[in-house]
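Chain letters run A, B, ... following the sequence lines, proteins first and then strands; every chain starts at 1.
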There are 2 protein chains.
Amino acid sequence: MQNPNVSVDCVVFGFDKEKLNLLLIEQKLADKRKVQYALPGDLILEEEGLDQAASRVLKEISGLSGIYLKQFEAFGDPHRVKDIKDLEFLQSYRENPQARVITIGYLALVKMEDFAPEASSFAEKVFWQDIEELPSLAFDHDHIVECALEKLRHDFIREKTGFELLPERFTLGQVQRLYETILGKKLDKRNFRKKILKEELVTATNQKQKGVLHKPARLYELSDLKNGHNP
Amino acid sequence: MQNPNVSVDCVVFGFDKEKLNLLLIEQKLADKRKVQYALPGDLILEEEGLDQAASRVLKEISGLSGIYLKQFEAFGDPHRVKDIKDLEFLQSYRENPQARVITIGYLALVKMEDFAPEASSFAEKVFWQDIEELPSLAFDHDHIVECALEKLRHDFIREKTGFELLPERFTLGQVQRLYETILGKKLDKRNFRKKILKEELVTATNQKQKGVLHKPARLYELSDLKNGHNP
DNA sequence: TCAAAAGTGTTAAAAGTACACCCATGA
DNA sequence: TCATGGGTGTACTTTTAACACTTTTGA
C-alpha cells in the first residue's frame, strides 16, 4: 500500500568518460502529443524504509538496480506541483492526485556503460541526458537536480570517492578527466598526479594501453585498501 | 489540517559558555507516574512548507521563536516507534495514532541565555539538558540526535559560523572555548588566535574585561563584514 | 604572594600552486 | 613527420603544528 504523502525522487548521475549525464524519464501522458520529462520517483510503500523505497522505485521505473543511492534532502514546498501537465499526470497514476506530497531526494553517481535503463511503469522512455543540455522538468525537479549537483560536487571534493566510475584498469588521465568533469573545472596535470599517487588509492600495473594514437599510458587499478570499503 | 504522515523534529542545541545542551520536552502522558523525554516535534500542516512547519512546531511546544532551523536529514524507518510508551502517547495526541510517520530533522544552535523555553501543547515540561547526560528519548530520537551532532560538528568546522552564540563583546578565550565545546576537543591557544585574527571576522575594541581574577582580556566584536551575512 | 587566564613568536614540516619540455604511438 | 595525450621536477608560497614563558589582576 502506498503512502499518499511521501515520495522519493532519484537523481542518478552517469559518467561516460567525458560528460556527466542525468537519468530522466519521459512520462506517459494521456495526450500523446505532449511530452514531459521528470526524475524517476514515486510514492513510498507503507512498509518500506526510505532507502529501500528509493532503490525499489528506481528499479521499477528504469530497470536499474544495484545502485548506491544516498539521501540528500527533503523537499516539501506545499506548491511543488507547478503545472497543469503535472496535475494531468498525477490524475492518471495516483489514487489521491491532489494529495500533498513531500519528497525525499536521493543521489547516485554511476558508470553509464554499466547501466542500460529500460522504461516501465509510468515511464514512456528512460534515458541519459547530458547535464549541459537538460530540458525543463516536471514538478520541482529542476530545483531538486540543482541541489543534487551542488551536493555531489561538495561531497566529491572531500571524500575520496568516484573511482567506481572507472573501468577496472584505468589511466591517470582518465581519473583526471573524471575529476574535471564532476568538478566542472580544469586541473593541473602534474599536481593532480602527485596528489593522487601520494594518497595510494591506486596501484600501477605493468600493462599499458594499446592501439591509441599517442604514447600509451600506464594502466592503474584500485588499491586493495580502497577496494575494501566502498559503500 | 495535519498531514498524518509527515512530521518535523527540532534538534536545538544551546550553548551556555561552557557546555552544549539540548532542548528536550517531557511528554504529557495519561499515567502521570511515567515520564518520557523527546525532541520537540509534530506533524506538519497541509498548507505549510517544511521549514515553516519546523519553526511553528518549535514555537508551539516550547515558546521559542526566531531560531534559524536548518533541515539536516529525513528519517523514515517504518518501525521508528519502538516502545509501548510511544504508542500510548500517540493515542492521546494523534488522530491516526498508528499511521506511519516520516520525520524531517531540523537543527539549530543558539545561545541558551537568549531562550527561556516554556512548555505548552503536549509538553509537560521543556528544558535544556547537558548533552553529556542525555536520558534515553522517545521514538528514534536518540538516533536523530546522534545524526544531528555529527552534522553540527561537520558544518561548524568549515563554515565560519557560531559567533552568534557569543555576547555582543567577547574575549578570544570565549571564542576558543566555544569551538572547543562544540568540536569536543582542545585547541592550541596561539594557533587558534592566529587563525581567527587572520580571518578578520572579529575586530578588537579598546575595552577590557573588569572584575575578573586574572589578567583582563581585550574585548572583541563581530566585524561589520560578518555581521552582514548571517543566516 | 598566589592562582588564573591573557597574551605573545619561532621554527619545521606539509601541502598547495605554477610552470615547460620531451616521449611514444598510429595515421 | 605530425598530431595526440603521456609523462616528468623544481621553486615558491601558504598552511599547519608544536611548543613555554611573561603579564595583569583580585583575593
Side-chain angles (χ1 to χ4, degrees), chain A residues 15-19 153-154 156-160 163 165-221, chain B residues 15-19 153-154 156-160 163 165-221:
Chain A
F15 176 69
D16 73 348
K17 305 199 165 83
E18 192 183 351
K19 297 204 147 193
R153 287 181 170 150
H154 182 263
F156 200 76
I157 274 169
R158 22 190 320 118
E159 330 290 335
K160 295 154 200 318
F163 287 91
L165 302 188
L166 296 167
E168 195 175 351
R169 300 202 156 181
F170 48 82
T171 71
L172 294 185
Q174 288 177 296
V175 183
Q176 185 174 347
R177 282 190 292 279
L178 166 65
Y179 271 74
E180 287 177 339
T181 303
I182 296 201
L183 301 182
K185 64 179 178 193
K186 288 281 165 216
L187 304 171
D188 179 88
K189 182 162 50 158
R190 278 180 287 195
N191 294 337
F192 183 79
R193 287 173 172 243
K194 224 181 300 174
K195 186 158 192 175
I196 206 129
L197 290 175
K198 182 140 54 104
E199 285 169 354
E200 298 189 320
L201 302 171
V202 299
T203 316
T205 70
N206 294 323
Q207 290 187 313
K208 300 212 161 183
Q209 283 181 307
K210 279 188 187 158
V212 287
L213 36 158
H214 55 74
K215 175 172 173 180
R218 159 161 273 136
L219 293 171
Y220 289 76
E221 54 188 15
Chain B
F15 177 69
D16 72 348
K17 303 197 166 83
E18 193 184 350
K19 296 206 148 188
R153 287 180 171 152
H154 182 264
F156 199 76
I157 274 169
R158 23 188 321 120
E159 331 291 336
K160 294 151 201 319
F163 289 90
L165 301 189
L166 295 167
E168 195 173 351
R169 301 203 155 180
F170 47 82
T171 69
L172 294 186
Q174 287 178 297
V175 183
Q176 184 174 348
R177 281 190 292 279
L178 167 64
Y179 272 74
E180 288 177 338
T181 304
I182 297 200
L183 300 182
K185 63 180 177 193
K186 287 284 166 214
L187 304 171
D188 178 89
K189 181 164 49 158
R190 277 179 286 193
N191 293 336
F192 182 80
R193 285 171 174 245
K194 227 179 299 173
K195 187 158 192 175
I196 207 132
L197 291 174
K198 182 142 52 108
E199 284 167 356
E200 297 188 321
L201 301 172
V202 299
T203 314
T205 69
N206 295 321
Q207 291 188 310
K208 300 213 163 182
Q209 284 180 306
K210 279 186 186 159
V212 288
L213 36 157
H214 56 74
K215 176 171 174 179
R218 159 161 272 137
L219 293 172
Y220 289 77
E221 54 189 16

Exercise for review: Check the distance between D/dC19's P and B/Lys186's NZ and give it to me in whole angstrom.
Suggested key: 17 Å
**Study point:** Whole-Å gap separating C1' (D/dG6) and CZ (A/Phe192)
**Key:** 14 Å
Review point. Quick one: B/Leu219 CG to C/dA5 P, roughly how many Å, whole number?
Key: 17 Å
Check your understanding: To the nearest angstrom, how far is A/Phe170 atom CZ from D/dG6 atom C1'?
Key -> 16 Å
Review point. Should B/Leu178 and B/Phe163 count as side-chain neighbours, where that means a heavy-atom distance under 4.5 Å?
Key: no
Check your understanding: So which nucleotide from D/dG5, C/dG7, D/dT25 ends up closest to the side chain of A/Arg177?
Key -> D/dG5
Check your understanding: Taking C-beta and beyond as the side chain, do B/Glu168 and B/Glu221 meet within less than 4.5 Å on heavy atoms?
Key -> no
Check your understanding: Rounded to whole angstroms, how far apart are CD on A/Glu199 and P on C/dA14?
Key -> 16 Å
Study note, to complete from the structure: Whole-Å distance, B/Lys189 NZ to D/dT16 P, equals 21 Å
Exercise for review: Return yes if the base of C/dG16 and the side-chain atoms of A/Lys194 contain a donor-acceptor N/O pair under 3.5 Å, otherwise no.
Suggested key: no
Review point. Looking for any heavy atom pair under 4.0 Å, which part of the strands does B/Lys210 touch: base, sugar-phosphate only, or nothing?
Key: nothing
**Study point:** Closest-nucleotide ordering on DNA chain D, the 5'-leading residue of A/Ala217 and A/Arg190
**Key:** A/Ala217
**Study point:** Phosphate-side-chain proximity, A/Lys195 and C/dG16, N/O vs OP1/OP2 below 4.0 Å
**Key:** yes
Review point. Base, sugar-phosphate alone, or nothing: which one does A/Lys198 contact when heavy atoms must sit under 4.0 Å apart?
Key: sugar-phosphate
**Study point:** Minimal non-hydrogen separation, A/Arg218 against A/Ala204, with atom names
**Key:** CD-CB, 3.7 Å
Point to revise | B/Arg193 side chain near C/dG7 phosphate (N/O to OP1/OP2, under 4.0 Å) | key: yes
Point to revise | Whole angstrom value for the distance that separates P of C/dC23 from NZ of A/Lys208 | key: 14 Å
**Study point:** Whichever of B/Asn191 and A/Gly211 has its nearest DNA chain C nucleotide further upstream toward 5'
**Key:** B/Asn191
Check your understanding: Toward the 5' end of DNA chain D, which comes first, B/Val212 or A/Gln209, by nearest nucleotide?
Key -> A/Gln209
**Study point:** Qualifying residues under side-chain hydrogen bond (donor to acceptor under 3.5 Å, both in side chains), relative to A/Asp188, sequence neighbours excluded
**Key:** A/Asn191
Check your understanding: When rounded to the nearest 0.5 angstrom, what is the spacing between NZ in B/Lys208 and CZ in B/Arg169?
Key -> 14.0 Å
Practice item. Write down the distance between NE2 (B/His214) and P (D/dG26), rounded to a whole number of angstrom. Key: 11 Å
Exercise for review: Confirm from the modelled atom types if B/Lys215 and C/dA4 form a donor-acceptor pair under 3.5 Å, side chain to base only.
Suggested key: no
**Study point:** Given D/dG26, D/dG6, C/dA20, the nucleotide with the shortest approach to the side chain of A/Thr171
**Key:** D/dG6
